Amino acid sequence: MTLGTLYGLGVGPGDPELITVKAFRKLQECPVIAYPKKLKGSKSYAHRIVETYINPAEKNMLGLVFPMTKDEETLSIEWAKSVEAIYTYLEQGQDVAFVTEGDPMLFSTFIHLMKLMKETYPEVQMETVAGISSFNGSANRLGIPLADGNDYVAMIPATEDMDEMRRVLETHDAVVFIKVAKVLEDMIDLLEDMNLLYGTHVVTKVTSDEEVIWTIDELRGAELNYLSCMVVRK
Ligand SMILES: C[C@@]1(CC(=O)O)C2=NC(=C\c3[nH]c(c(CCC(=O)O)c3CC(=O)O)Cc3[nH]c(c(CC(=O)O)c3CCC(=O)O)/C=C3\N/C(=C\2)[C@@H](CCC(=O)O)[C@]3(C)CC(=O)O)/[C@H]1CCC(=O)O
Ligand SMILES: C[S@@+](CC[C@H](N)C(=O)[O-])C[C@H]1O[C@@H](n2cnc3c(N)ncnc32)[C@H](O)[C@@H]1O
């Protein structure tokens with residue numbers, strides 16, 4: 001039997017209309033929809049984006065657990081379980097669509113999954129479908145052009161190393177800081193010190209029906225959701 005193909009579908013930053021026609025078509029065609037499953041709380045973000053387009057009764061819905069931790073042992077156990085669960089369908093000749101929010105080639109669970117699938121089952125065919133990433137979604141919702149002419153633009157994960165964050169800000173015309181929630185307070189202090197607060201914007205769950213666009217005043221002391229990014233334009 002021919003093996004099924006594994007598709008990594010980018011499903012955009014939140015608004016279900018911000019999904020490509022190709023991803024939409026793959027969602028209709030693939031009999032198996034794999035999605036990140038949260039252990040507690042609401043449905044995952046990617047799951048909620050695509051449920052508008054899927055009738056779960058007509059699909060095999062495959063919820064996979066991706067622990068959001070840096071603990072390598074926990075990660076490798078769960079990644080391996082996900083690879084096995086997906087392969088069970090592929091070996092029956094069924095195509096699997098794995099949905100990831102934003103773009104699948106940008107800080108995505110699909111990158112990890114793809115790597116382990118290649119190592120474990122090198123014969124599996126994989127294909128990705130580009131998605132609109134959170135930084136594209138944010139720039140457009142905020143009405144902030146990221147780059148023009150010879151501008152330098154950076155997209156980096158914010159870390160505790162404020163000297164490095166300063167260096168990036170000094171050497172670019174626009175910077176999108178992802179994963180900014182944990183270091184928000186330090187980032188605001190740095191931007192204030194560099195006199196850049198006027199060009200700083202933060203947005204949570206951009207384009208979704210839970211979107212929040214923050215003012216700088218509201219941000220001080222705020223508890224930001226992980227799905228938030230900061231756009232700084234000089
Ligand atoms: C450990 C930590 C460190 C870090 O961010 O670096 C981390 N995620 C953290 C928190 C967190 N992540 C998410 C929420 C729920 C938000 C909500 O729903 O409210 C929370 C909050 C929470 O759990 O508290 C959701 C989420 N995460 C990713 C996607 C996209 C996707 O699935 O594609 C989605 C949307 C999925 C969906 O819902 O659709 C993707 C990634 N997250 C990773 C790591 C990498 C995978 C692990 C690995 O293998 O390393 C990878 C692939 C990024 C990468 O590799 O760069 C950090 C710990 C806390 C911290 O330190 O702040
Ligand atoms: C693991 S990365 C996922 C990036 C995603 N694959 C993409 O293409 O945008 C998660 C970080 O991206 C940013 N992010 C992802 N989705 C977002 C959204 N809907 N609104 C705002 N920021 C988002 C946040 O900074 C978050 O910490």
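As the structure is a computational prediction, the values presented were derived from the model and not from experiment. Basis for what follows: all heavy atoms, side chains included, without hydrogens, waters or symmetry-related copies. Note that ligands are numbered from 1 as they come in the structure, with each ligand's atoms numbered from 1 the same way.
N136 and S133 form a side-chain donor-acceptor contact under 3.5 Å, judged by distance and modelled atom types alone. Of the N and O atoms on the side chains of Y7 and Q125, not one donor lies less than 3.5 Å from an acceptor on the other residue.
Scanning the protein heavy atoms around atom 55 (O) of ligand 1, the nearest turns out to be H112 NE2, 3.0 Å. For atom 24 (C) of ligand 2, the closest heavy atom belonging to the protein is S228 O, 3.2 Å. Counting protein heavy atoms only, atom 8 (O) of ligand 2 is closest to D103 N, 2.8 Å. Of the protein's non-hydrogen atoms, the one nearest atom 11 (C) of ligand 2 is I178 CB, 4.1 Å. With respect to atom 26 (C) of ligand 2, the closest heavy atom belonging to the protein is Y226 O, 3.2 Å. Closest to atom 12 (O) of ligand 2, if we only count protein heavy atoms, is S134 OG, 3.7 Å. Looking only at protein heavy atoms, the nearest one to atom 18 (C) of ligand 2 is V206 N, 3.6 Å. Among protein heavy atoms, atom 53 (C) of ligand 1 sits closest to F107 O, 3.7 Å. With hydrogens left out, the protein atom closest to atom 4 (C) of ligand 2 is L106 O, 3.5 Å, a heavy atom. With respect to atom 1 (C) of ligand 2, the closest heavy atom belonging to the protein is F107 O, 3.0 Å.
In this structure, G14 has no heavy atom closer than 4.0 Å to ligand 2. Ligand 1 is never approached by R48 to a heavy-atom distance shorter than 4.0 Å. Put simply, no part of V180 is less than 4.0 Å from ligand 2, judged by heavy atoms. Heavy-atom separations between W79 and ligand 1 include at least one value shorter than 4.0 Å.
Looking at A46 next to ligand 1, an N or O pair under 3.5 Å apart turns up. Between S108 and ligand 2, not a single N/O pair is under 3.5 Å apart. The shortest N or O to N or O distance between T204 and ligand 2 is not below 3.5 Å. On a distance-only criterion, E101 and ligand 1 share no N/O pair closer than 3.5 Å.
In this structure, the side chains of Y87 and L3 come closer than 4.5 Å at one or more pairs of heavy atoms. A heavy-atom distance below 4.5 Å is found between the side chains of D189 and R220. With a 4.5 Å cut-off on side-chain heavy atoms, R25 and K22 count as touching.
Residue K205 has at least one heavy-atom neighbour below 4.0 Å for each of these atoms of ligand 2: 18 (C), 19 (N), 20 (N), 21 (C). Close contacts between ligand 1 and Y45 involve ligand atoms 37 (C), 38 (O), 39 (O) [criterion: under 4.0 Å to a heavy atom]. Close contacts between ligand 2 and Y45 involve ligand atoms 19 (N) [criterion: under 4.0 Å to a heavy atom]. Taking every heavy atom of L75 and a limit of under 4.0 angstrom, the matching atoms of ligand 1 come to 47 (C), 48 (C), 49 (O), 50 (O). Those atoms of ligand 1 that come under 4.0 Å of a heavy atom in T69, given as number and element, are 1 (C). Ligand 2 places these atoms under 4.0 Å from at least one heavy atom of V203: 21 (C). Every atom of ligand 2 is numbered from 1 in the order shown, and the set under 4.0 Å from a heavy atom of G102 is 7 (C), 8 (O). Atom numbering of ligand 2 starts at 1 in the shown order; those under 4.0 Å from a heavy atom of P13 are 19 (N). Atoms of ligand 1 found under 4.0 Å from any heavy atom of S108, numbered from 1 in the order shown, are 33 (O), 52 (C).
Looking at D161 and R166, no side-chain N of the basic residue comes within less than 4.0 Å of a carboxylate O on the acidic one, giving no salt bridge. Between D151 and K234, no side-chain nitrogen of the basic residue sits less than 4.0 Å from a carboxylate oxygen of the acidic one, so the salt-bridge criterion is not met. Here E78 pairs with K81 in a salt bridge; the nearest charged N to carboxylate O distance falls below 4.0 Å.
Taken to the nearest 0.5 Å, the CZ atom of F135 stands 13.0 Å off from the CD1 atom of I156. For the atom pair CG (L62) and CZ (F98), the distance works out to 9.0 Å, reported to the nearest 0.5 Å. Here I86 contributes atom CD1 and Q94 contributes atom CD; the two are 13.0 Å apart, rounded to the nearest 0.5 Å. With rounding to the nearest 0.5 angstrom, the CD1 atom of I49 is 11.0 Å from the CG atom of L27. Rounded to the nearest 0.5 angstrom, Q28 CD and K59 NZ are separated by 6.0 Å.
In this structure, atom 10 (C) of ligand 1 is in close contact with the protein, since a protein heavy atom lies within 4.0 Å of it. Checking atom 2 (C) of ligand 1 against the protein gives no heavy-atom contact under 4.0 Å. Under the 4.0 Å distance rule, the nearest protein heavy atom to atom 22 (C) of ligand 1 falls outside the cut-off.
Other residues, nucleotides and ligands contribute at most 12 non-hydrogen atoms within 6.0 Å of the CD atom of E73.
Contact annotation: for Y226 versus ligand 1, heavy atoms closer than 4.0 Å belong to the side chain alone. With a 4.0 Å cut-off on non-hydrogen atoms, T100 touches ligand 1 through its side chain and not its backbone.
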Table please: side-chain donor-acceptor pairs of residues 11-20 below 3.5 Å, with sequence neighbours left out.
residue, atom, partner, partner atom, Å
D15, OD1, E17, N, 2.8
T20, OG1, A23, N, 3.0

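Proximity of a side-chain donor or acceptor of D103 to a complementary backbone N or O of A130 within less than 3.5 Å is not detected. Within the 3.5 Å criterion, the main-chain N or O of H47 finds no donor-acceptor partner in the side chain of E51. S108 places no side-chain N or O within donor-acceptor distance of the main-chain N or O of M105, the cut-off being under 3.5 Å. Here the side chain of Q92 pairs a donor or acceptor atom with the backbone of T88 at under 3.5 angstrom.
Taking all heavy atoms of M68, K182, K179 into account, the minimum distance to atom 28 (C) of ligand 1 is reached by M68. Nearest to atom 18 (O) of ligand 1 by heavy-atom distance, out of E210, K38, E78, K70, is K38.
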